[in-house]
Engineer: 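My structure is below; once you've seen it, I'll send some questions.
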Amino acid sequence: MKAVLLEKPSPVEEKPLKVVETSEPTPKEGEVLIEVKCCGVCRTDLHIVEGELPLQKLPLILGHQIVGVVRELGEGVDYALKGLRVGVPWLYWSCGKCKFCLEGFENLCQNALFTGYSVDGGYAEMMVAKAEYVHAIPSSYSDLEAAPLFCGGAIGYRALRLTGLLEKKGRLGIFGFGSSAHMILPVAMRKGLEVYVFTESESKVKQALEAGAVWAGPTRSDPPAKLDAAIVFAPAGWVAIEALKKLERGGRLVLAGVYMTPIEKLSYELLWHEREVKSTANVTRRDVGEFLSEAERAGVKPIVKTFKLDEVNEALLELKLRPPAGSIVLTVS
Ligand SMILES: [Zn+2]
Ligand SMILES: [Zn+2]
């Protein structure tokens with residue numbers, strides 16, 4: 001089968017990913033063999049390729065927003081899965097035994113495996129996944145539209161849940177209007193939240209207003225009202241400071257990135273009046289499952305730009321230098 005290998009992290013300008021012919025993996029007990037249809041390209045992949053995240057496995061097949069069809073079943077897997085169209089997210093496996101797993105925080109599991117990071121992922125024609133960690137995909141989504149739901153969408157939804165606003169409503173600030181934010185905005189609106197979008201791009205300001213944001217403007221500008229919670233999608237520490245400045249007393253700031261530049265000059269004044277800062281780490285199966293149904297109900301339609309598997313270095317370079325309004329997806333088969 002054809003697969004894309006990372007052998008040594010380096011800047012994407014140096015084309016570190018190689019397309020190779022390699023043998024097909026075999027599903028073991030509790031696993032399924034998936035024929036990959038397409039796989040989303042995530043900012044996390046960029047951080048892995050460029051060595052900004054500590055690597056757990058080399059060589060590595062990246063990719064954790066996978067849409068494919070189950071072709072073979074390992075021992076003990078429910079026969080109903082055969083031939084089913086499924087998605088594979090970032091959480092590949094959790095132990096089910098540590099204190100985090102037992103308390104419903106499998107995203108924090110200390111023994112967890114992550115797709116396309118600690119195990120091989122979906123930048124390949126075939127891949128193996130744990131049967132209990134794949135998700136059926138709502139039929140209203142095409143393969144290409146479904147791929148971004150599995151990371152940008154799901155982690156955005158977890159961040160939205162962590163704001164606490166789904167239970168009590170209010171004003172939500174979204175900082176950075178990339179693919180995650182695009183998918184979360186309709187869900188937040190359907191839940192009755194007033195959404196304020198902060199972005200440096202004039203075209204994205206326009207898009208945000210068209211998508212239903214009550215206000216949109218540059219990151220350093222003042223919105224017409226204080227925010228009850230905010231989500232920062234931009235991987236930049238200074239944006240977190242800007243978001244804190246706009247929070248209402250008792251407000252919560254949720255950082256959605258797996259990576260962020262240092263948050264410098266954080267004065268206590270910005271945290272005073274019981275403001276909180278919380279990061280978002282990984283996703284649980286509940287996050288993915290809930291988001292898939294919420295997305296369908298809210299009519300979330302990911303905007304997708306496609307590249308072929310062979311063009312993976314170009315796809316990552318585009319994400320680094322000219323991130324498109326929606327998500328980048330590699331077509332595989
Ligand atoms: Zn991702
Ligand atoms: Zn665990």
Side-chain angles (χ1 to χ4, degrees), residues 4 6 12 17 30 36 38-50 52-53 55-56 60-67 87-123 127 129-130 132-135 144 146-160 176 178-184 231-235 255-260 279-288 291-292 295 302 304-305 307 312 315-316 318-320 323-324 326-330:
V4 171
L6 174 70
V12 282
L17 296 171
V36 179
C38 60
C39 182
V41 176
C42 175
R43 194 158 275 281
T44 302
D45 298 337
L46 194 56
H47 297 312
I48 296 171
V49 167
E50 299 206 319
E52 285 164 335
L53 292 175
L55 281 170
Q56 303 189 349
L60 172 69
I61 302 175
L62 288 106
H64 58 266
Q65 314 181 63
I66 299 133
V67 173
V88 188
W90 173 243
L91 182 71
Y92 187 86
W93 176 81
S94 56
C95 77
K97 291 176 185 150
C98 71
K99 70 168 186 158
F100 302 104
C101 282
L102 293 174
E103 288 171 1
F105 294 97
E106 65 181 1
N107 59 310
L108 302 181
C109 173
Q110 287 157 310
N111 308 307
L113 297 175
F114 299 106
T115 316
Y117 183 49
S118 34
V119 292
D120 286 337
Y123 288 12
M127 75 167 291
K130 303 284 184 192
E132 287 181 5
Y133 292 77
V134 301
H135 299 261
L144 289 173
L149 302 175
F150 283 90
C151 182
I155 196 122
Y157 180 73
R158 180 168 185 85
L160 179 62
S179 72
S180 233
H182 262 102
M183 290 184 269
I184 287 315
I231 304 173
V232 169
F233 287 108
L255 309 174
V258 67
Y259 170 87
M260 182 171 257
S279 66
T280 312
N282 315 315
V283 284
T284 62
R285 282 171 279 181
R286 178 191 157 191
D287 297 324
V288 180
F291 175 64
L292 289 174
V304 168
K305 177 162 186 186
F307 285 80
V312 61
L316 279 161
E318 175 136 345
L319 184 63
K320 180 178 179 178
S327 310
I328 293 181
V329 177
L330 297 174

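Below, each value reflects all heavy atoms present in this structure, side chains not excepted, and no hydrogens, waters or symmetry copies. Order of listing sets the numbers, starting from 1, for every ligand and every atom in it. The shown structure was predicted, so the numbers you read here are calculated from the model rather than taken from an experiment.
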Engineer: State, to the nearest 10 degrees, the angle whose vertex is the Zn ion (ligand 2) and whose arms point to SG of Cys98 and SG of Cys109.
Structural biologist: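 For SG of Cys98 and SG of Cys109, the angle centred on the Zn ion (ligand 2) reads 110°.
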
Engineer: Do Ser179 and Pro148 come close enough that some side-chain heavy atom pair is under 4.5 Å?
Structural biologist: no

Engineer: Counting neighbours of CZ on Phe105 that are heavy atoms of other residues, nucleotides or ligands and sit closer than 6.0 Å, is the number greater than 12?
Structural biologist: no

Engineer: Quick one: does any side-chain atom of Glu50 pair with a main-chain N or O of Val12 as donor and acceptor, under 3.5 Å?
Structural biologist: yes

Engineer: At the Zn ion (ligand 2), what's the angle from Cys95 SG to Cys101 SG, rounded to 10 degrees?
Structural biologist: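 That angle works out to 120° after rounding to 10°.
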
Engineer: Please state the angle at the Zn ion (ligand 1) spanned by SG of Cys151 and SG of Cys42: what is it, rounded to 10 degrees?
Structural biologist: 130°

Engineer: Is it true that, when you exclude Glu52 itself, more than 12 heavy atoms of the residues, nucleotides or ligands shown sit nearer than 6.0 Å to its CD?
Structural biologist: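 For Glu52, atom CD is crowded (more than 12 foreign heavy atoms under 6.0 Å).
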
